[in-house]
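Input: a single structure, listed below in structure tokens.
A note on names: the letters A, B, ... follow the listed sequences, proteins ahead of strands, and every chain is numbered from 1. All values derive from a computational prediction rather than experimental measurement.
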Amino acid sequence: AAVALLVPPLGQALEARGLRPLYDDIERPLVPVLARMEKVGVRVDETYLRSLVTGLTEEVHALDAEIQELAGHPFLVNSTKQLRTVLFDELGLQPQKKTKTGFSTDAASLAKLAGQHPIIDKLLRYREVEKLRSTYGESLLAEVGADGRIHATFQQTVARTGRLSSDRPNLHNIPIRTEEGRRFRRAFVPREGWSFLVADYNQIELRVIAHLAEDPGLIDAFESDLDIHTATAARVFSVDAGAVTLAQRSKAKMISYGLAYGMEAYGLSQRLGVSVDEASLILTAYFEAFPKVKSYMDTTVEEARQRGYTETLFGRRRLIPELSSSNYRVRQAGERQAMNAGIQGLAADIFKAALVKLDALLERDRLESRLVLQVHDEVILEVPPDENAAASEITLDAMHNACRLCVPLEVNLSWGTNWAEAKS
DNA sequence: CCGTTCACG
DNA sequence: ACGTACGTGAACGGA
Ligand SMILES: [Mg+2]
Ligand SMILES: [Mg+2]
């Protein structure tokens, strides 16, 4: 009753900002879709998860002892403060970079010290294993409910770009990049006798950039049959696609990823392990090959500066007060946020539209298949054996046709008896 | 409660 | 309120 009083003013606020379609067609219909996913949850193989934890706990324990032995005295390896003292005061290793509170001990800094002392390799391994044990072992186990499933909360109003987030637990950052971590994905399994269908967008942010910037080279690259990074490298380094080296491809790939974040020459140089001068040359070559990407970025920042906010293609706004800060660094950070918001935000809008559409199609066809997870550009469904074909078809349809851009939205589909299998 | 670190897209 | 790549959430240590 009291809530009814909110409808007129909130409705007017939506109208005034042109947000009515985004709300009516995407955000509001998405609420029950996410609610069902939370309620359904995802099944976890608890026994298997526990076995992973056991192995990791043993290794962490051993590494912990070795590290303290190499330090020459007991200390809390998990304490960055104590570790700083050991590395930079006692062992005399060269500090690489600073944080607010002292010298950094992050993995990138440690990696630069590799070979200078045997403690470094042990620490890197310790960090990796301890992360897996604590965050994805113990903590995930504690979230498994009496029904053998994990029920996260999917936040619709947290991320400033319009993305979803997941908490208690976060199911958006389950490991995949290392084989060791990827084992945790195997713990996520479908209902007995059913299968997982995983569908994810191929390069959605780069496609969004191609669309927004209307860059002919980038659009062409997506319409050719070439691998996108190879096609990009060919243009950047002015060689035939067939002559692109692996090193050139990986440089092109790194730029493409950094693009949506407003990466500069320094950032590129750090990630490529080349000099800032070389990185600067590569970045210049990129923007010469794709000039409209450059002008899109510039225009986006300028518009945001004037209005105080960015807007996605669907009208979603993000205020960026940092753009009028008197502090140069703060202002620069604001510029990168402005560049990124329209890109990450449009990809999120498209993905949400796909979720709503997919849910409607599952309902329309009275399928038992159900959405159990989503991760930014990926959906995971559990599917009974007799619905494989139908589920594939509507998932592809919903995602492929969620939005019409000037480049196709390509979707990868795969099946598995666990989350890891269905991603490989 | 903050800072650091690190997992993901 | 920050060096330099955006967006999250979580574990841990320490004040
Ligand atoms: Mg929960
Ligand atoms: Mg993808």
Applying a 4.0 Å non-hydrogen cut-off, can you work out what [X] is touching in the nucleic acid: base, sugar-phosphate, or nothing?
X         : value
Arg329(A) : sugar-phosphate
Arg318(A) : sugar-phosphate
Arg331(A) : nothing
Val375(A) : sugar-phosphate
Ser325(A) : nothing

Same-atom distance ([atom1]) from [N] to [M], integer angstrom:
N       : M       : atom1 : result
dC2(B)  : dT4(C)  : C1'   : 23 Å
dA15(C) : dA10(C) : P     : 25 Å
dA1(C)  : dC6(B)  : P     : 23 Å

From the list dC6(C), dG3(C), dA10(C), which nucleotide is the closest neighbour of the side chain of Asp167(A)?
-> dA10(C)
Side chain to side chain donor-acceptor pair (under 3.5 Å): which pairs involve residues 319-328 of chain A, sequence neighbours left out?
-> Tyr328(A)-Gln332(A)
Quick check: are there more than 12 heavy atoms from other residues, nucleotides or ligands sitting under 6.0 Å from CZ of Arg17(A)?
-> no
More than 12 heavy atoms of other groups within 6.0 Å of Glu90(A) CD = yes
Pi-cation contact, Phe287(A) with Lys294(A) (under 6.0 Å, within 45°) | yes
Look at the side-chain N and O atoms of Arg336(A) and state whether any lies under 4.0 Å from the OP1 or OP2 oxygen of dC6(C).
-> yes
Looking at Thr161(A), does any N or O in its side chain come under 4.0 Å of the phosphate oxygens OP1/OP2 on dG7(C)?
-> no
Does Gln155(A) have any side chain to side chain contact (heavy atoms under 4.5 Å, CB included) partners at least two apart in sequence or in another chain, and if so, which?
-> Thr153(A), Val158(A), Ser165(A), Asp167(A)
Nearest-Å distance for atom pair [atom1]/[atom2], residues [X] and [N]:
X         : N       : atom1 : atom2 : value
Arg168(A) : dG9(C)  : CZ    : C1'   : 13 Å
Asp377(A) : dG7(C)  : CG    : P     : 18 Å
Phe351(A) : dG7(C)  : CZ    : C1'   : 15 Å
Lys100(A) : dA15(C) : NZ    : P     : 16 Å
Tyr266(A) : dC2(C)  : OH    : C1'   : 13 Å
Gln337(A) : dC2(C)  : CD    : P     : 14 Å
Ile209(A) : dC6(C)  : CD1   : P     : 14 Å
Asp277(A) : dT4(C)  : CG    : C1'   : 15 Å

For DNA chain C, what dot-bracket results from Watson-Crick or G-U pairs at under 3.5 Å, with [ ] for crossers and | for inter-strand partners?
-> .....|||||||||.
For DNA chain B, what residues of [range] have any heavy atom nearer than 4.0 Å?
range                       : result
residues 196-208 of chain A : none
residues 279-317 of chain A : none
residues 103-140 of chain A : Ser104(A), Thr105(A), Asp106(A), Ala107(A), Arg127(A), Lys131(A), Tyr136(A)

Can you find a pair of side-chain heavy atoms, one from [X] and one from [Y], that are under 4.5 Å apart?
X         : Y         : answer
Lys352(A) : Arg316(A) : yes
Thr232(A) : Val236(A) : yes
Cys403(A) : Leu405(A) : yes
Val379(A) : Leu373(A) : no
Asp106(A) : Gln96(A)  : no
Phe351(A) : Arg163(A) : no
Val31(A)  : Glu27(A)  : no

Distance, nearest 0.5 Å, that separates [atom1] of [X] from [atom2] of [Y]:
X         : Y         : atom1 : atom2 : result
Thr299(A) : Lys292(A) : OG1   : NZ    : 9.5 Å
Phe154(A) : Leu171(A) : CZ    : CG    : 5.5 Å
Asn412(A) : Gln203(A) : CG    : CD    : 10.0 Å

So ring pair (Phe, Tyr, Trp, His ring centres under 6.0 Å) across residues 392-424 of chain A, not counting sequence neighbours, yields Phe188(A)-Trp419(A)
Is there a donor and acceptor pair, one atom on the side chain of Gln344(A) and one on the base of dC6(C), closer than 3.5 Å?
-> yes
Nearest nucleotide by nearest heavy atom, which residue falls closer to the 5' end of DNA chain C, Asn340(A) or Glu322(A)?
-> Glu322(A)
Sub-3.5 Å donor-acceptor pair from the side chain of [X] to the main-chain atoms of [Y], do we have one?
X         : Y         : result
Thr135(A) : Leu132(A) : no
His151(A) : Lys39(A)  : yes
Arg28(A)  : Tyr23(A)  : no

How about Glu378(A) and Gln374(A): does a side-chain donor come under 3.5 Å of a side-chain acceptor?
-> no
Residues Glu138(A) and Ser134(A): side-chain donor-acceptor under 3.5 angstrom | no
Which pairs count as salt bridge (Lys or Arg N to Asp or Glu O under 4.0 Å) when at least one residue sits in residues 177-189 of chain A, sequence neighbours excluded?
-> Arg125(A)-Glu180(A), Glu179(A)-Arg186(A), Glu180(A)-Arg183(A)
Positions of residues 75-97 of chain A (non-hydrogen atom under 4.0 Å from DNA chain C), listed by number = Leu76(A), Asn78(A), Ser79(A), Lys81(A), Gln82(A)
Interface with DNA chain C, restricted to residues 250-261 of chain A and to heavy atoms under 4.0 Å | Met254(A), Tyr257(A), Gly258(A), Tyr261(A)
Between which nucleotides of DNA chain B, 5' to 3', does chain A make heavy-atom contacts below 4.0 Å?
-> dG3(B) to dG9(B)
Output all residues satisfying side chain to side chain donor-acceptor pair (under 3.5 Å) with Tyr126(A), sequence neighbours left out; order by chain, then residue number.
-> Asn78(A)
